[in-house]
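Before any comments, here is the structure.
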Amino acid sequence: MSEEKSLNFIEEIIEADLAAGKHKSILTRFPPEPNGYLHIGHAKSICLNFGLALKYGGATNLRFDDTNPVTEDTEYVDSIKGDVQWLGFQWANEFYASDYFEQLYAFAVKLIEKGLAYVDDSTSEEIATQKGTPTQPGVRNQYAERSEAENLQIFADMRAGKYADGSKVLRAKVDMASPNMLLRDPIIYRIKHAHHHRTGDAWCIYPMYDFAHGQSDSIEGITHSICTLEFIPHRALYDWLIEQLEIFPSHQYEFARLNMTYTVMSKRKLLQMVNEGHVESWDDPRMPTISGMRRRGYTPKSIRDFCDRIGVAKRENLIDLSLLEFFVREDLNKTALRRMAVLDPLALEITNYPEGQVDMMQSENNPEMPETGEREIPFSGTLWIEREDFMEEASKKWFRLAPGSVVRLKSAYIVRCTGFEKDADGRVTKVLAEYIPESRSGSDTSGVHAKGTIHWISAAHAVQAEVRLYDRLFKVENPAAEEGDFKSYINPDSLQVIENAYIEPALTAAKVGDHFQFIRKGYFTLDAVHSNASKLVFNRTVTLKDNWAKEQKK
RNA sequence: UGACCCAUGGUGUAACGGUAGCACUACAGAUUUUGGUUCUGUCUGUUAAGGUUCGAAUCCUUAUGGGUCAACCA
């Protein structure tokens with residue numbers, strides 16, 4: 001197979017490095033901070049990092065960037081591990097930046113000894129003003145002149161807990177006039193008397209990101225450290241520290257993060273959605289989190305395929321939600337078992353069907369996979385059909401039920417609509433029809449052609465269930481880019497709860513994690529949180545494509 | 001009014017100096033016991049201006065547009 005798929009720019013770099021003998025094999029890492037749940041943007045990074053290692057025969061570490069104890073928690077560590085595995089990836093090593101605290105401390109000492117770091121007693125405001133602005137160089141203060149011995153002593157005292165939070169910081173001595181603000185003597189250690197989720201109270205000073213991430217990469221021997229665009233300016237510091245510390249030269253490469261229409265993709269914003277009650281939780285099925293998507297019914301494969309298709313580049317992007325939906329439909333169409341469910345019930349009475357008779361109909365579980373066989377569905381003279389499948393006055397384009405029209409009841413008989421009943425408010429309460437006995441599915445000798453096929457549930461056998469329909473979380477394509485508070489663009493109709501839907505009996509065997517196509521309605525899965533033995537709750541993963549709905553909009 | 005990054009159809013991504021392709025979307029048609037699936041077809045693109053070259057989306061210059069950077073966050 002000479003399937004030639006073009007390489008993304010990172011793959012080109014890796015192939016060049018491998019060809020030049022720069023590395024014998026590659027080592028990547030996925031480095032989340034355990035301060036929130038993973039979202040689809042992280043999935044892109046996960047697929048990239050693990051995918052690269054898989055493709056080039058390398059390995060990937062899972063490394064938690066846990067250098068800020070006040071925001072981090074083991075709850076997040078557990079969810080992140082679960083999400084990565086659910087996506088289908090296995091890390092070579094589970095590491096934590098906090099594993100390296102002792103080593104990092106030694107690195108800082110080395111920097112002091114080289115005259116490249118100093119303890120600064122300034123307040124954060126003073127440091128900020130002394131830093132200057134992007135257009136004005138910063139100025140170094142008197143603390144930069146401290147002796148090596150003094151710096152070493154104070155830094156040791158900082159570690160020993162002799163100083164209060166915020167009273168002192170350790171700064172790298174780089175270049176206060178650099179046009180790159182990150183090189184203006186960046187803070188590399190700060191005092192935080194806080195309990196760390198792993199090291200407990202062993203430390204009261206913690207390294208900053210810039211003094212932990214690159215060093216951790218280096219310690220692990222990461223060959224290609226891949227991160228998002230906003231870290232581009234950090235690369236100069238990343239390289240400077242590796243050079244001064246004389247450690248393994250990991251290299252950082254940056255790609256554009258994923259953005260998607262009608263949602264937000266920052267942990268901070270997602271946390272707000274949760275904290276302010278706009279959604280149920282981090283795993284609310286409307287959230288773009290991995291856990292939310294899992295609960296909604298997305299499959300790992302659909303997410304991987306999506307990440308594969310969107311590519312990796314350096315330009316800002318805003319991916320259409322429809323692309324993600326395409327991949328779930330593609331996967332679920334092939335794998336989901338077909339079932340019938342009526343979401344908005346309307347009675348259909350077959351007036352010529354023998355009173356009290358029940359027939360068992362056979363219906364394929366999945367036409368795309370004949371090996372999944374068939375199931376039996378009870379049929380009787382009193383059915384529930386979808387209210388939207390009946391129309392009092394139909395146009396020539398209408399294929400469904402209307403007075404005088406003929407439709408196929410899926411996997412059962414063809415019926416002819418003979419009339420309907422209304423209540424005092426003019427609301428249709430019942431549709432009347434006659435069935436054609438010779439038209440039974442599989443042995444149809446009637447010669448009658450029905451243009452439309454509709455789904456149904458035998459009223460006497462119907463099982464009641466709750467069905468939750470989801471729509472886009474926001475009303476605008478890019479809420480983060482709009483004026484004002486992004487939350488003012490929340491779609492108030494993103495969740496519709498249908499309490500009284502009717503489902504076919506076979507669905508009572510549904511288990512969490514099963515995927516179904518409710519014929520003509522979409523793909524559904526059991527809600528892992530709200531569903532229980534006495535009350536089945538289904539989430540709609542995504543609708544089916546609906547050309548009729550499009551036709552109607554014209 | 002500094003530095004850095006980026007610029008290809010509606011969206012995303014290829015083409016590595018030699019015919020602008022692929023996917024999604026949209027549209028049209030065929031098939032269909034899901035108005036699903038499948039199949040066929042159609043529309044839409046190199047930000048601009050110069051330059052180098054036999055030849056430029058690609059290299060150079062300038063402009064324009066977008067993004068990033070002044071957290072003891074990552």
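Protein chains get the first letters and strands the later ones, always in sequence-line order, with residue 1 at the start of each.
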base_contact_polar (B:rU34 base, A:T453 side chain, donor-acceptor, <3.5 Å): no

Touch class at under 4.0 angstrom, heavy-atom based, for A:L323 against every strand present: sugar-phosphate

Carboxylate-amine/guanidinium proximity below 4.0 Å for A:D65 and A:R29: no

Stacked pair A:W548-B:rG35, distance under 5.5 Å, angle under 30°: yes

Candidate nucleotides B:rU34, B:rC73, B:rC5, ranked by approach to the side chain of A:I519 - the nearest: B:rU34

Residue-phosphate contact under 4.0 Å: A:R315 side-chain N/O, B:rU13 OP1/OP2: yes

Near-ring test A:F9/A:F255, centroid separation under 6.0 angstrom: no

A:R408 atom CZ, over 12 foreign heavy atoms within 6.0 Å: yes

Check ion pair A:K397-A:E551 (N to O, under 4.0 angstrom): yes

Touch class at under 4.0 angstrom, heavy-atom based, for A:P367 against every strand present: base

Gap in Å between the two C1' atoms, one belonging to B:rG55 and one to B:rU42, rounded: 31 Å

Paired and unpaired positions of RNA chain B as dot-bracket, Watson-Crick or G-U wobble under 3.5 Å, | denoting a partner strand: .((((((..((((....[..)))).(((((.......)))))....(((((..]....))))))))))).....

Sugar-phosphate, base or nothing in reach of A:T135, heavy atoms under 4.0 Å: base

Sugar-phosphate only, base, or nothing, as touched by A:K192 at under 4.0 Å among non-hydrogen atoms: sugar-phosphate

Sugar-phosphate only, base, or nothing, as touched by A:L318 at under 4.0 Å among non-hydrogen atoms: sugar-phosphate

Any A:R520 side-chain nitrogen or oxygen under 4.0 Å from OP1 or OP2 of B:rG35: yes

Comparing A:P207 and A:S439 on RNA chain B - which has the more 5′ nearest nucleotide: A:S439

Whole angstrom value for the distance that separates P of B:rC5 from OH of A:Y253: 16 Å

Electrostatic pair A:D217:A:R63 at N-O distance under 4.0 angstrom: yes

Closest listed nucleotide, where the reference is the side chain of A:K550 and the choices are B:rU34, B:rU37, B:rC27: B:rC27

Touch class at under 4.0 angstrom, heavy-atom based, for A:S122 against every strand present: base

Sugar-phosphate, base or nothing in reach of A:F399, heavy atoms under 4.0 Å: base

Whole-Å distance separating the NZ atom of A:K397 from the C1' atom of B:rA28: 12 Å

Sidechain-backbone polar pair: A:R540 side chain, A:Y523 backbone, donor-acceptor under 3.5 Å: no

Pairwise P distance, B:rU34 and B:rU46 [rounded to whole Å]: 42 Å

Within 6.0 angstrom of A:K55 NZ, more than 12 heavy atoms from elsewhere: yes

Whole angstrom value for the distance that separates P of B:rC72 from CZ of A:R171: 9 Å

A:I377 CD1 to B:rU33 C1', straight-line distance once rounded to whole Å: 12 Å

Ion pair check, A:D121 and A:K168, cut-off under 4.0 Å: yes

Integer angstrom distance from the C1' of B:rC27 to that of B:rU68: 39 Å

Under-3.5 Å donor-acceptor pair between A:R338 side chain and B:rU34 base: yes

Minimum-distance nucleotide (side-chain atoms of A:K410 versus B:rU33, B:rC5, B:rG35): B:rU33

Euclidean distance for C1', B:rA74 against B:rU11 (whole angstrom): 30 Å

Phosphate OP1/OP2 of B:rA74: any A:R190 side-chain N/O under 4.0 Å: yes

Sugar-phosphate only, base, or nothing, as touched by A:E368 at under 4.0 Å among non-hydrogen atoms: base

Per A:P233 side chain, nearest of listed nucleotides B:rA74, B:rC69, B:rG36: B:rC69

Whole-Å P distance, B:rC4 and B:rA20: 35 Å

Heavy-atom donor-acceptor pair, A:Q552 side-chain to B:rG35 base, under 3.5 Å: no

Nearest-Å distance for atom pair CG/P, residues A:N317 and B:rG67: 14 Å

Salt-bridge contact A:D389-A:R400 (side-chain N to carboxylate O under 4.0 Å): yes

Sugar-phosphate only, base, or nothing, as touched by A:H234 at under 4.0 Å among non-hydrogen atoms: base

Protein-nucleotide distance (A:N547, atom CG; B:rA26, atom C1'), rounded to Å: 11 Å

side-chain N/O A:K545 vs B:rU34 OP1/OP2, d < 4.0 Å: no

Any N/O donor-acceptor pair, A:R408 side-chain to B:rU33 base, under 3.5 Å: yes

Between B:rU44 and B:rG10 - C1' atom distance, rounded Å: 8 Å

Sugar-phosphate, base or nothing in reach of A:Y206, heavy atoms under 4.0 Å: nothing

Whole-Å distance separating the NE2 atom of A:H39 from the P atom of B:rA74: 17 Å

Sugar-phosphate only, base, or nothing, as touched by A:V70 at under 4.0 Å among non-hydrogen atoms: nothing

Touch class at under 4.0 angstrom, heavy-atom based, for A:S322 against every strand present: sugar-phosphate

B:rU47 and B:rU53, which share atom name P, separated by this distance in whole Å: 23 Å

N/O (side chain, A:T67) to phosphate O (OP1/OP2, B:rA74) under 4.0 Å: yes

Length of the line joining A:K131:NZ and B:rA71:C1', which is rounded to integer Å: 9 Å

Touch class at under 4.0 angstrom, heavy-atom based, for A:T261 against every strand present: nothing

Under-3.5 Å donor-acceptor pair between A:R309 side chain and B:rC22 base: yes

Residue whose closest nucleotide on RNA chain B lies nearer the 5' end, A:G442 versus A:D320: A:D320

CA sep, side-chain torsions, deciding dist, call: A:F306, A:K301, side-chain contact (heavy atoms from CB on, under 4.5 Å): CA-CA 8 Å; A:F306 169 77; A:K301 181 178 192 307; over 6 Å; no

Same-atom distance (C1') from B:rG18 to B:rA7, integer angstrom: 24 Å

Side chain of A:V169 - closest among B:rA26, B:rA70, B:rC72: B:rC72

Validation row: A:I14, A:D17 side chains within 4.5 angstrom (heavy atoms): no

Touch class at under 4.0 angstrom, heavy-atom based, for A:N68 against every strand present: sugar-phosphate

With A:S122 via side-chain hydrogen bond (donor to acceptor under 3.5 Å, both in side chains) - residues at least two apart: A:D120, A:N141

